[in-house]
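Accompanying notes for the structure given below.
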There are 2 protein chains.
Amino acid sequence: MDDHTDQTRKPRADAVRNRERVLEAAKLVFNAGGPEASLEAVAKRAGVGIGTLYRHFPTREDLFEAVYRREVEQLSEFAEQLKNAKDPVDALRRWLWSGVEFVATKKGMVAALALAVQSGSELHAFSFERLTKAVGSLLDRAVAAGAMRADISPEDLLRAFFGMCYMHDQPGWQSSVLRMLDVFVDGLRVQPVAKAKTRTNTRTAKPAKAAVKRKR
Amino acid sequence: MDDHTDQTRKPRADAVRNRERVLEAAKLVFNAGGPEASLEAVAKRAGVGIGTLYRHFPTREDLFEAVYRREVEQLSEFAEQLKNAKDPVDALRRWLWSGVEFVATKKGMVAALALAVQSGSELHAFSFERLTKAVGSLLDRAVAAGAMRADISPEDLLRAFFGMCYMHDQPGWQSSVLRMLDVFVDGLRVQPVAKAKTRTNTRTAKPAKAAVKRKR
DNA sequence: TGTTAAGCGGAGGGTGCCTCCGTATCTTCG
DNA sequence: CGAAGATACGGAGGCACCCTCCGCTTAACA
């Protein structure tokens with residue numbers, strides 16, 4: 001409370017170093033083995049004791065948050081850029097697409113963000129808020145332009161998005177999710193204006209059924 | 001194959017009884033504590049040894065499958081009934097709504113079905129196939145009537161559906177999911193035909209934002 | 001009632017979570 | 001530079017859960 005002195009010691013060098021090591025290791029381990037991966041494995045890989053890991057990141061979510069902070073940032077920035085796009089609805093769609101891309105690259109990211117979105121605890125509020133704001137601005141613009149229904153919140157949208165991504169481990173999930181997102185964005189439009197089914201083809205839309213056919 | 005004798009002993013009474021007990025206990029435990037609940041807790045509650053539980057249900061998924069078999073059946077039957085509905089698109093929407101209802105009641109059911117849908121292993125193929133067929137028939141009818149785009153597979157739809165449900169633990173999730181489903185079904189239409197935004201109001205659509213507001 | 005296979009149950013080995021605290025190391029200050 | 005004290009380290013240990021394995025029990029059948 002009475003921090004009158006404010007004489008904050010310089011943080012210890014080893015502490016800083018270890019934090020970084022853990023982060024590095026966690027990124028590797030999560031991206032490879034998914035978000036269920038053992039934290040002890042992370043610690044071992046980082047060459048630190050399990051206690052050290054827990055001191056820096058008291059919960060698994062804290063670690064997620066830290067690991068994927070950069071990615072979230074990027075995604076949010078991309079939303080910023082898209083604010084200048086012509087068609088606000090299309091901007092939203094493109095943002096969602098890039099979200100799929102991210103998820104595809106970072107295996108652990110979905111679950112990490114899913115957790116953030118799901119549990120709603122303030123611990124990992126950062127990602128959630130950042131993304132909410134990002135998608136919110138896109139939504140607002142589209143709504144303001146009268147192109148999109150107004151009764152959908154950014155939270156709704158994010159949850160739906162991650163929900164869809166969450167369901168997919170199997171091969172071919174990407175095209176499936178992209179298709180679903182197309183449908184979804186279509187549903188968001190307020191003015192069907194000739195309901196361009198053309199769009200469906202812009203992205204090498206598979207013959208649907210075939211794209212999903214179970215492999216065996 | 002060469003079941004020439006066919007002299008199958010009557011199954012032991014205690015085995016049958018125990019299986020039932022485990023099922024009963026599992027239903028309680030899963031519905032209350034979610035699908036992560038300890039199997040040992042289930043066994044204890046059922047008054048059987050852990051070994052007995054595992055003999056009857058070698059994997060957690062097997063247990064899920066057995067526990068929620070009835071629910072899946074009901075849901076599928078409801079789809080049958082809806083085949084007689086006037087508007088095939090509306091039929092689909094109503095089916096999805098009832099799905100939400102199910103999920104709301106059975107806390108463990110989402111994750112159970114999600115698993116079934118997700119992992120795609122043949123162990124719990126039952127639920128997945130049953131539901132796929134159910135939703136498939138609804139889809140087909142709508143497509144045949146020219147009311148719905150044809151490039152969406154039942155699997156896609158199911159995964160999207162469960163994905164949306166999966167994301168929701170927090171209060172107010174139901175209205176959110178219902179809203180998202182509305183959007184989704186709208187997106188599925190092929191003919192906007194006056195794009196009834198009336199529907200949005202049929203179910204006391206909250207002011208969106210408010211419905212999602214975090215509680216603290 | 002005896003034989004026998006089906007079924008039972010829980011001990012035990014393994015993994016992972018998280019805490020706690022004695023020890024080591026870094027920063028600061030004289 | 002050296003001492004003092006703050007800060008961080010690491011891993012042992014307690015707990016919970018997973019799942020297997022096998023000696024014992026018990027129901028079905030003759």
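To find a chain, count down the sequence lines: A is the first, B the second, and so on, and within it residues start at 1.
Atoms NZ (A:Lys44) and P (D:dA12) sit 12 Å apart, rounded to a whole Å. The nearest whole Å value for the distance from the CZ atom in A:Phe57 to the P atom in D:dC9 is 11 Å.
Residues satisfying the side chain to side chain contact (heavy atoms under 4.5 Å, CB included) test with B:Tyr54, not counting sequence neighbours, are B:Leu39, B:Ile50. With sequence neighbours left out, B:Arg12 forms a salt bridge (charged side-chain N to carboxylate O under 4.0 Å, His left out) with B:Asp14. Residues that satisfy the salt bridge (charged side-chain N to carboxylate O under 4.0 Å, His left out) test with B:Glu73, not counting sequence neighbours, are B:Arg130. For A:Arg19, there are no salt bridge (charged side-chain N to carboxylate O under 4.0 Å, His left out) partners, not counting sequence neighbours. Taking B:Val103 as the reference, B:Val110, B:Cys165, B:Trp173 meet the side chain to side chain contact (heavy atoms under 4.5 Å, CB included) condition, with sequence neighbours excluded. When the side chain to side chain contact (heavy atoms under 4.5 Å, CB included) test is applied to B:Val48, the partners found at least two apart in sequence or on another chain are B:Asn18, B:Val22, B:Ala43, B:Ala46, B:Thr52. For B:Ala85, the side chain to side chain contact (heavy atoms under 4.5 Å, CB included) partners at least two apart in sequence or on another chain are B:Ala91, B:Arg141.
Less than 4.0 Å separates DNA chain C from no heavy atom of any residue of residues 31-38 of chain B. For the contact set between residues 21-29 of chain A and DNA chain C, defined by any heavy atom under 4.0 Å, there are no members.
Under the 3.5 Å distance criterion, the side-chain polar atoms of B:Arg60 are matched with a main-chain donor or acceptor of B:Pro35. In this structure, A:Trp95 contributes its side chain and A:Leu75 its backbone to a donor-acceptor pair below 3.5 Å.
Between its two ends, the helix from C:dT1-D:dA30 to C:dG30-D:dC1 turns its axis by 0°, counting five pairs per end and rounding to 10 degrees.
Counting only residues at least two apart or in different chains, side chain to side chain donor-acceptor pair (under 3.5 Å) contacts with residues 23-38 of chain B comprise B:Asn31-B:Tyr68.
Rounding to the nearest 0.5 Å places CG of B:Asp140 at 8.5 Å from NZ of B:Lys83. Taking CZ of A:Phe30 as the reference point, atom CE of A:Met109 lies at 14.0 Å (rounded to 0.5 Å).
Among the nucleotides C:dT19, D:dC29, D:dC19, the one closest to the side chain of B:Leu39 is D:dC19. In the set C:dT28, D:dC29, C:dC18, the nucleotide with an atom closest to the side chain of A:Lys10 is C:dT28.
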Practice task
Check the pair A:Val183 / B:Asp186 against side-chain contact (heavy atoms from CB on, under 4.5 Å), numbers first and verdict last.
Solution key: CA-CA 8 Å; A:Val183 170; B:Asp186 269 8; over 6 Å; no
Practice task
Can you check each nucleotide of nucleotides 2-13 of chain C against protein heavy atoms at under 4.0 Å and return B for base, S for sugar-phosphate only, - for none, in 5' to 3' order?
Solution key: ----BSBBBB--
